[in-house]
Amino acid sequence: MSNKILVTGGVGYIGSHTCIELIAAGYDVVVYDNLSNSNLEALKRTERLAGKEIAFIEGDVLDRNLLNKVFDEHDFFGVIHFAGLKAVGESVAQPLRYYKNRWWFKK
Ligand SMILES: O=c1ccn([C@@H]2O[C@H](COP(=O)(O)OP(=O)(O)O[C@H]3O[C@H](CO)[C@@H](O)[C@H](O)[C@H]3O)[C@@H](O)[C@H]2O)c(=O)[nH]1
């Protein structure tokens, strides 16, 4: 059985700490993130802390074609989903953007 976990939003704060713990527990990690609230410097920091290179795919959770390709190419044991918008003020100012960001899986 595969021990590969897809971590969406894995470059972010909670996601990167989760990656470090997953790697320490012996899992292979693939990070999928659109870098909208993070950057590759943070990913490099995570790799240094984890002592391991992390497979990274820059992509948006709304990109169904790319997600299908990622699932075709990898055999995942599990998915941990942290890629989301969650700033309260911004969600009031841009409600449709937040709605779309949450309901992508229903399309
Ligand atoms: O549609 C989206 C939305 C977000 N992301 C990514 O998902 C990650 C989300 O992580 P982050 O924004 O760091 O959120 P949290 O892990 O919840 O981190 C908390 O801590 C951060 C650092 O203090 C703050 O910036 C956040 O607001 C706060 O929620 C980031 O890498 C984003 O680039 C996507 O890939 N797709």
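Indexing begins at 1, ligand by ligand and atom by atom, following the structure's order. Index from 1, following the sequence.
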**Prompt:** Can you hop from Phe56 to Val30 via hydrophobic side chains spaced under 4.5 Å?
**Reply:** no
**Asked** Of all heavy-atom pairs between Leu6 and Phe71, which one has the smallest distance, and what is that distance?
**Response** CD2-CZ, 3.8 Å
**Asked** What atoms in ligand 1 come closer than 4.0 Å to a heavy atom of Ser36?
**Response** 3 (C), 4 (C), 5 (N), 32 (C), 33 (O)
**Fill in**
Closest to atom 2 (C) of ligand 1 by heavy-atom distance, out of Asn34, Val11, Val7, is Asn34
**Prompt:** What's the shortest distance from atom 20 (O) of ligand 1 to any protein heavy atom, and which residue and atom give it?
**Reply:** Tyr13 CB, 3.5 Å
**Enumerated ligand 1 atoms positioned under 4.0 Å from heavy atoms of Phe82** = 7 (O), 9 (C)
**Asked** Any donor and acceptor pair, going by atom type alone, linking the side chain of Ser16 with main-chain N or O of Gly10 inside 3.5 Å?
**Response** no
**Message:** Considering both backbone and side-chain atoms of Lys86, is one of its nitrogen or oxygen atoms within less than 3.5 Å of a nitrogen or oxygen in ligand 1?
**Reply:** yes
**Request:** If you have a sec, work out which protein heavy atom is nearest atom 7 (O) of ligand 1 and how many Å separate them, to one decimal?
**Result:** Gly9 CA, 3.3 Å
**Prompt:** Salt bridge or not for Lys69 and Asp63, using N-O below 4.0 Å?
**Reply:** no
**Message:** Can you tell me if Asp33 contacts ligand 1 (heavy atom of the residue under 4.0 Å from the ligand)?
**Reply:** yes
**Request:** Could you tell me whether Asn101 approaches ligand 1 through its side chain, its backbone, both or neither, with non-hydrogen atoms closer than 4.0 Å?
**Result:** side chain
**Item:** Heavy-atom neighbours of Glu73 CD exceed 12 at 6.0 Å
**Value:** yes
**Asked** Do any N or O atoms from the side chain of Asn39 and from the backbone of Ala42 form a donor-acceptor pair under 3.5 angstrom?
**Response** yes
**Prompt:** Around Phe76, counting heavy atoms of other residues, nucleotides and ligands shown, do more than 12 lie under 6.0 Å from its CZ?
**Reply:** yes
**Prompt:** Charged N to carboxylate O under 4.0 angstrom, Glu41 versus Arg45?
**Reply:** no
**Asked** Backbone or side chain, does any N or O of Asp60 fall under 3.5 Å from an N or O of ligand 1?
**Response** no
**Asked** What residue and atom, counting heavy atoms only, is the protein's closest point to atom 10 (O) of ligand 1, and at what distance?
**Response** Gly12 CA, 3.3 Å
**Item:** CA sep, side-chain torsions, deciding dist, call: Thr46, Ile54, side chain to side chain contact (heavy atoms under 4.5 Å, CB included)
**Value:** CA-CA 8 Å; Thr46 306; Ile54 295 173; 3.7 Å; yes
**Request:** May I ask you to list the atoms of ligand 1 that are less than 4.0 angstrom from any heavy atom of Leu35?
**Result:** 33 (O)
**Item:** Closest approach of any protein heavy atom to atom 25 (O) of ligand 1, naming residue and atom
**Value:** Asn37 ND2, 3.5 Å
**Asked** Which protein non-hydrogen atom lies closest to atom 16 (O) of ligand 1, naming both residue and atom, and how far is it?
**Response** Ile14 N, 2.8 Å
